[in-house]
Trainee: 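My questions all concern the structure below.
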Amino acid sequence: MGKTFLKPNSLSDNHTHYCPGCKEAAHGRAPAMATGIKRVRPDLNVFTYQGDGDLASIGMSEIIHSANRGEKFTTIFVNNAVYGMTGGQMAPTTMPNQKTTTSPFGRDVKDVGMPIKMANLLAALQTPGYIERTTVLKPKYIVKAKKAIKKAFIYQMEKKCFSFVEVVSTCPTNWGMTPQDSIKWAEDTLLPYYELGVFKDTPKMEEKNAK
Amino acid sequence: MAKVLMKGNEAIGEAAIRAGCLNYFAYPITPQSEVAEYLAKRMPEVGGMFLQGESEVAVGYMLFGASACGERVFTTSSSPGISLMSEAISYIAAAQCPVVFVNIMRGGPGLGGILPSQADYSQSVKGGGHGDYKLLVMAPASVQEAVEMVTEAFVLAEKYRNPVMILGDGLIGQMMEPVEFPEKVAAKPSDKSEWATTGMDTRKSDKRNLVKTLFLDPEELNRHNLMLKEKYKKMEAEEVRYSTYNTDGDYKAVIASYGTMSRVCKTAIDMLKKEGIEVCMIRPQTLFPFPEVAIRKAVEKKSCKLAISIEMNMGQMVEDIQRSVSGIVPVKWYGKCGGEIPTPEETAEAVKKYLNNEE
Amino acid sequence: MQSEVMFAGFGGQGILLSGKILAQTAMDQGFEVAWVPSYGPEMRGGTAYCTVVISDEPIGSPIIKNPAHLVAMNRPSLEKFAGIVKPKGVILINASLIPIRSGRDDIDELIVQTTEIASEIGNIRAANIVALASFIARSRIVDFDIFRECVKKEFSKKPKLIPLNMKAVDKGKLAANFDV
Ligand SMILES: Cc1ncc(C[n+]2csc(CCOP(=O)(O)OP(=O)(O)O)c2C)c(N)n1
Ligand SMILES: [Mg+2]
């Protein structure tokens, strides 16, 4: 039988422990730290990998300003509608009526507002160049997500713009669901609200206009 | 009331409600998120308010705003979160607002770990935020004591119009122990009409209250700081709390230790006693004001050769002990700072080593 | 007198709950107790353990280097903790998941097929209660009748689960007596 999957060359064998909320930079501050890196070493490829609590709650200010300055790094935003690492508290992306440990009766939008659509919000800024929302719920989506992430990095390497890819994901443990159920719930509940697609692709538009 | 078996974090939430505090702002962080999870359910039952802020920075100012209106309010967090609140804490102390903070400490610096630690001693006792201010800092050693301190914290905060910090380690938050909540609850709200900004309709006189921290006139700022200093002096005179253990005999060393670590020390002292080695302990229950006099008196005993600070940090209390003993005996330190709590066996061994070196 | 029990296994095996029920029982019986968990992200899926300290005097250190007893629900826990149990203690081995033994001859080894017993009575999720009942019956660390009441109390919000758990308590006790 032939090999169908190989580990990419870019991955080393190091054992990693991922805490998207807080690895390396303090919770929410990754875009500021990435700015610091990119400003002194523009030749390096820099990306931030942030959760929804991290990016849309405590780190809202950092992401907006980095995007608005057009910092030439890439942000991968993993939106699972909950604080995963800390055990399932409500996030700014938690859906209306969704139960979490700090919204035990369901998210009450009259009290805390509607979930924040980060890709849409950032796309309202003029400067950021590439913003797309993807998901990895099923293979058909994964192919698109992969393309989006690749594009985001190419734009960075070409020093074109700030690039942002939101990835709608599941969190079976903290949603209290089996992995299968959580995929279904995400498709039925998250995707209609967090619509997939390209929100902004300035480099592509400019290319078109130039022609 | 009958005893109930409760996790420290939940007991802290319940104690605040019983102390008449129905306002709670917080942001999730291990190892104290259970307080918010408990109060998310419990506050609606008692007509109280809980809001999860977007960050600890925001929470700090939510507390400031609520307290400036004269309402009882509190928060809970853990080390990195308290760092983010430190700016607001400085403002709250300057504006003399009686907010209660609970820090269920984890290891640092930086992101550190999530396991028990006492690494925020200096942050709480010496400052944390900018400027000349002090927090009244209490360190519980059991779930029961955490409940009692939360209850008292609201009274002291209002008595002094000063923020109070309850400094617990991760174990105090995570451990379950039997607790008995005080029968009589909710201290009567103090009269805040003299200072709180409560709005036109509730104002008793024409006097307008202003909660502020900006004093551009140097003389006025100096006066303000002197007034704060007087307040801290009064706390030092009236609010020092500590307990003692095995102080009767001819002990060779005085241990100073607080929180969970002090319980380990207690067991270590019992172990040493079985080997014929007498050691005593002074356990500060308030870290500011510090039980300076008690420690000094303890080391003045003829048999005493040493003072040892035993803490889950790199010796942050040592300076305060040195100040207390003013050179009468040397001051040593033992502890760990990675989240692992030293065992009684290790602690006893460390004390023995120091004593052998002295002889 | 002070005694300590360590419960260890995978997250999701009901380790923390077993410890809590033991602590509650001891408290109801008038003892001082402390329940000390492991906590953090490792609890999700990884190993979970907790220690219950029971004493007739106020408890000093809740941090225990050598517990008096061990309830091991999976193999890594037995391998990791069998060596630290004090002599004469009970080590309960969940034989449904653990093919090995403690390798100690100075302790009382109690072997229980918790999953099989739990599935006989209708739900494998009761395996932790089977183990706890067995352990209490053998070690006599707390009064068995008070323990029975505590299990009832624990499930009072889900009364449907009470008959199942009562069966688990009885079968567990039986298992402790069979294995001599
Ligand atoms: C200042 C500060 N506050 C709180 C925390 C605790 N914390 C760690 S990760 C995290 C958020 C986790 O949620 P999210 O960003 O959505 O990531 P997920 O785990 O869901 O992927 C929080 C609140 C922290 N590390 N630092
Ligand atoms: Mg998340």
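Order of the sequence lines sets the chain letters (A, B, ...), proteins ahead of strands, with each chain counted from 1. Nothing here was measured: the structure is a model prediction, and the numbers come from that model.
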Trainee: Nearest 0.5 angstrom please: B:Met176 CE to C:Met27 CE, how far?
Mentor: 11.0 Å
Trainee: Rounded to the nearest 0.5 Å, what's the gap from OG1 on B:Thr343 to CG on C:Asn66? Could you check?
Mentor: 9.0 Å
Trainee: If I take atom CD from residue B:Glu340 and atom CD1 from residue C:Ile63, how far apart are they, to the nearest 0.5 angstrom?
Mentor: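 B:Glu340 atom CD to C:Ile63 atom CD1 measures 10.0 Å (nearest 0.5 Å).
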Trainee: Can you tell me which of B:Ile341, B:Ile269, B:Val143, B:Asp270 forms the most heavy-atom pairs within a distance under 4.5 Å of chain C?
Mentor: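 Sorted descending by pairs with chain C, the first entry is B:Ile341.
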Trainee: List the atom pairs, donor and acceptor, that lie under 3.5 Å between side-chain atoms in residues 121-135 of chain C and the rest of the protein, sequence neighbours left out.
Mentor:
from     : atom 1 : to       : atom 2 : distance (Å)
C:Asn123 : OD1    : C:Arg125 : N      : 2.9
C:Asn128 : ND2    : C:Gly14  : O      : 3.1
C:Ser134 : OG     : C:Gly172 : O      : 2.6

Trainee: Look at B:Gln174, B:Lys266, B:Lys7, B:Glu177 and state which one has the largest set of heavy-atom pairs under 4.5 Å with chain C.
Mentor: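 Answer, by heavy-atom pair count under 4.5 Å with chain C: B:Gln174.
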Trainee: Can you confirm whether B:Tyr242 is buried at OH, in the sense that more than 12 heavy atoms of other residues, nucleotides or ligands lie under 6.0 Å from that atom?
Mentor: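 Atom OH in B:Tyr242 is not crowded, with 12 or fewer foreign heavy atoms closer than 6.0 Å.
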Trainee: Got a donor-acceptor contact below 3.5 angstrom from the C:Ser61 side chain to the B:Pro344 backbone?
Mentor: no
Trainee: Could you tell me whether the side chain of B:Arg263 and the main chain of C:Ile59 form a donor-acceptor pair under 3.5 Å?
Mentor: yes
Trainee: A quick test of your reading: do over 12 heavy atoms of other residues, nucleotides or ligands sit less than 6.0 Å from OH of C:Tyr49?
Mentor: no
Trainee: With a sphere of 6.0 Å drawn around NZ of B:Lys336, does it hold more than 12 non-hydrogen atoms of other residues, nucleotides or ligands?
Mentor: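 Check passes, neighbour count above 12.
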